[in-house]
Amino acid sequence: MIDGYELEAISEDELKKRINKIIVFARVTPHQKLKIIKALKDNGEVVAMTGDGVNDAPALKMADIGIAVGNATDVAKETADIILLDSNFKTIISACEEGRLIFANLKKVVGYALSNSFSEIVLILTALLLHLPFPLSFVQILWIHLICDGPPDIMLGFELKEEGLMKEKPLSRGRQNILPNNMLFLIFALSLTIGLLSFFFFWYVYNRTNDIDLARTVAFVTMASVDLIYVFSFKNLKKSIFKTKNFFQNRFMILSVFYGFILLLLAVYLPGLNSFLGLQPLTLIFWLPALIVALASVLWVETVKAIRL
């Protein structure tokens, strides 16, 4: 333990060397709090500081996370990042846990949504470059995004916390990218894989049958089915889909996937609706491309997880 009087006599360089070994500081003045925070931050630590008085305001401002307790002065509350209304320090842990959960789920939602969007861009752009008809019409794209895979994308944001969430290192404020390099690679790989394979099956059917509606239906079914299948790999971006605990606990996401498949089947097989969307009823063999692309997509996600996402 270091007393406030002893702390005043310690140089900044010496404090940086000893700071990680210190357990308790006693009788510390506001000026000394600044000294401690600076030493911790210079050592690369993420610092949280609690305070309640006017003199604590500079330290609250310097800390990465300034926390004012419920009965703090107005100056301290205005300076702090968080105001602890119940003055219970356990609430800080709960708040950190909730924040980490929101950030983790946000990465999943953004990664999944961008993969879906860019795969369609790859599909359509490839057809344009080869001077072929559009593989998907405007209304078909809207049906896929808003009706089929829209609800699962939203429900993915309500995933429960992953095991070991609070054991991870804190993130530096303002320096953490919501899309790190491996996530960008995953989006790129998924978009190319789904887009190019879907285009291949579209081209193959169109080249063999010269039926644009049938070819578009195959592309439509492939894109929509794949989105509804590989979303389960995004439930946990650190563990394999086969090792994910509480796999069925997010019931709303599972229901939204069933909802998406029902609307997909209605779009293909319901008379009147399929005519409006420019689709044709498919035999079972034409669902095989969707299964192939879905398996390839899941394999990509699991491979990137193994590399450590």
Enquirer: Please assess S225 against L264 for the test side-chain contact (heavy atoms from CB on, under 4.5 Å), listing each intermediate value before the final yes or no.
Expert: CA-CA 8 Å; S225 299; L264 172 60; 3.3 Å; yes
Enquirer: For the pair Y230 and Y112, evaluate ring-ring contact (aromatic ring centres under 6.0 Å, His included) and give the outcome as yes or no after the intermediate values.
Expert: CA-CA 9 Å; Y230 82 86; Y112 175 72; 5.4 Å; yes
Enquirer: Honestly curious: do L125 and L136 fall in one hydrophobic cluster under the side-chain, below-4.5 Å linking rule?
Expert: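 No, it is not one cluster - the side chains of L125 and L136 are not joined through contacts under 4.5 Å.
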Enquirer: From D227 CG over to S119 OG, what is the distance, rounded to the nearest 0.5 angstrom?
Expert: 5.5 Å
Enquirer: Between M49 and L60, what is the shortest heavy-atom contact and its length?
Expert: O-CD2, 3.3 Å
Enquirer: Would you call the rings of F202 and Y206 parallel, tilted or perpendicular, taking 30° and 60° as the class edges?
Expert: parallel
Enquirer: Return yes if some donor-acceptor pair links the side-chain N/O of E120 with the main-chain N/O of S117 below 3.5 Å, else return no.
Expert: no
Enquirer: Around I285, counting heavy atoms of other residues, nucleotides and ligands shown, do more than 12 lie under 6.0 Å from its CD1?
Expert: no
Enquirer: Just by modelled atom types, is the Q280 backbone N or O under 3.5 Å from a matching donor or acceptor in the T217 side chain?
Expert: yes
Enquirer: To the nearest 0.5 angstrom, please state how far the CG atom of L270 sits from the CD1 atom of I262.
Expert: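 Nearest 0.5 Å value for the CG-CD1 distance: 13.0 Å.
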Enquirer: More than 12 non-hydrogen atoms from neighbouring residues, nucleotides or ligands closer than 6.0 Å to CG on N181, yes or no?
Expert: no
Enquirer: Quick check: does any side chain N or O of T193 sit under 3.5 Å from a backbone N or O of L190, one acting as donor and the other as acceptor?
Expert: no
Enquirer: Taking the six-membered ring for Trp and the full ring for Phe, Tyr or His, determine whether the centres of W143 and F276 are under 6.0 Å apart.
Expert: no
Enquirer: Can you tell me how far the CG atom of D81 sits from the CD1 atom of I65, to the nearest 0.5 Å?
Expert: 7.0 Å
Enquirer: Does M223 belong to the same Ile/Leu/Val/Met/Phe/Trp/Tyr cluster as L265, with side-chain heavy atoms less than 4.5 Å apart forming each link?
Expert: yes
Enquirer: Passes side-chain contact (heavy atoms from CB on, under 4.5 Å), N274 versus V268? Steps please.
Expert: CA-CA 5 Å; N274 53 15; V268 175; 5.9 Å; no
Enquirer: Ignoring hydrogens, what is the shortest heavy-atom contact between G53 and A76? Give both atom names and the distance.
Expert: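 Taking every non-hydrogen atom into account, O-CB, 3.7 Å.
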Enquirer: Are L299 and V293 co-members of a hydrophobic cluster defined by side-chain heavy atoms under 4.5 Å apart?
Expert: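 They do not share one cluster, since no chain of ILVMFWY contacts under 4.5 Å joins V293 to L299.
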Enquirer: Check the pair L160 / N250 against side-chain contact (heavy atoms from CB on, under 4.5 Å), numbers first and verdict last.
Expert: CA-CA 7 Å; L160 300 179; N250 189 352; 5.7 Å; no
Enquirer: Within this structure, what is the CG-CG distance for the pair D153 and N116, rounded to the nearest 0.5 Å?
Expert: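 It is 7.0 Å, given to the nearest 0.5 Å.
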Enquirer: In plain terms, say whether E302 and K305 are close enough for a salt bridge, that is, a side-chain N and a carboxylate O under 4.0 Å apart.
Expert: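 Salt bridge: yes.
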Enquirer: Are F103 and M155 joined in one hydrophobic group, where the rule is that I, L, V, M, F, W and Y side chains link up if heavy atoms are under 4.5 Å apart?
Expert: yes
Enquirer: Which heavy-atom pair separates A59 from I37 by the least distance, and what is that distance?
Expert: O-CD1, 3.4 Å
Enquirer: Can you get from F220 to F134 by hopping between Ile, Leu, Val, Met, Phe, Trp and Tyr side chains that sit under 4.5 Å apart?
Expert: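 Both belong to a single hydrophobic cluster.
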Enquirer: Determine yes or no for a side-chain-to-main-chain donor-acceptor pair under 3.5 angstrom, with D56 supplying the side chain and G51 the backbone.
Expert: no
Enquirer: Rounded to the nearest 0.5 Å, what's the gap from OG on S297 to CD1 on I194? Could you check?
Expert: 3.5 Å
Enquirer: Please check if the side chain of D52 supplies one atom and the backbone of A72 the other of a donor-acceptor pair under 3.5 Å.
Expert: no
Enquirer: What's the separation between atom CG in L295 and atom CD1 in I229, rounded to the nearest 0.5 Å?
Expert: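 Rounded to the nearest 0.5 Å, the CG-CD1 separation comes to 7.5 Å.
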Enquirer: Give a yes or no answer on whether the side chain of D211 reaches the backbone of D213 with a donor-acceptor pair at less than 3.5 Å.
Expert: yes
Enquirer: By salt bridge (Lys or Arg N to Asp or Glu O under 4.0 Å), which residues pair with E159, not counting sequence neighbours?
Expert: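 E159 satisfies salt bridge (Lys or Arg N to Asp or Glu O under 4.0 Å) with K235 only.
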Enquirer: Kindly state each residue pair satisfying ring-ring contact (aromatic ring centres under 6.0 Å, His included) with at least one member in residues 250-274, sequence neighbours excluded.
Expert: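 Those involving residues 250-274 do not exist here.
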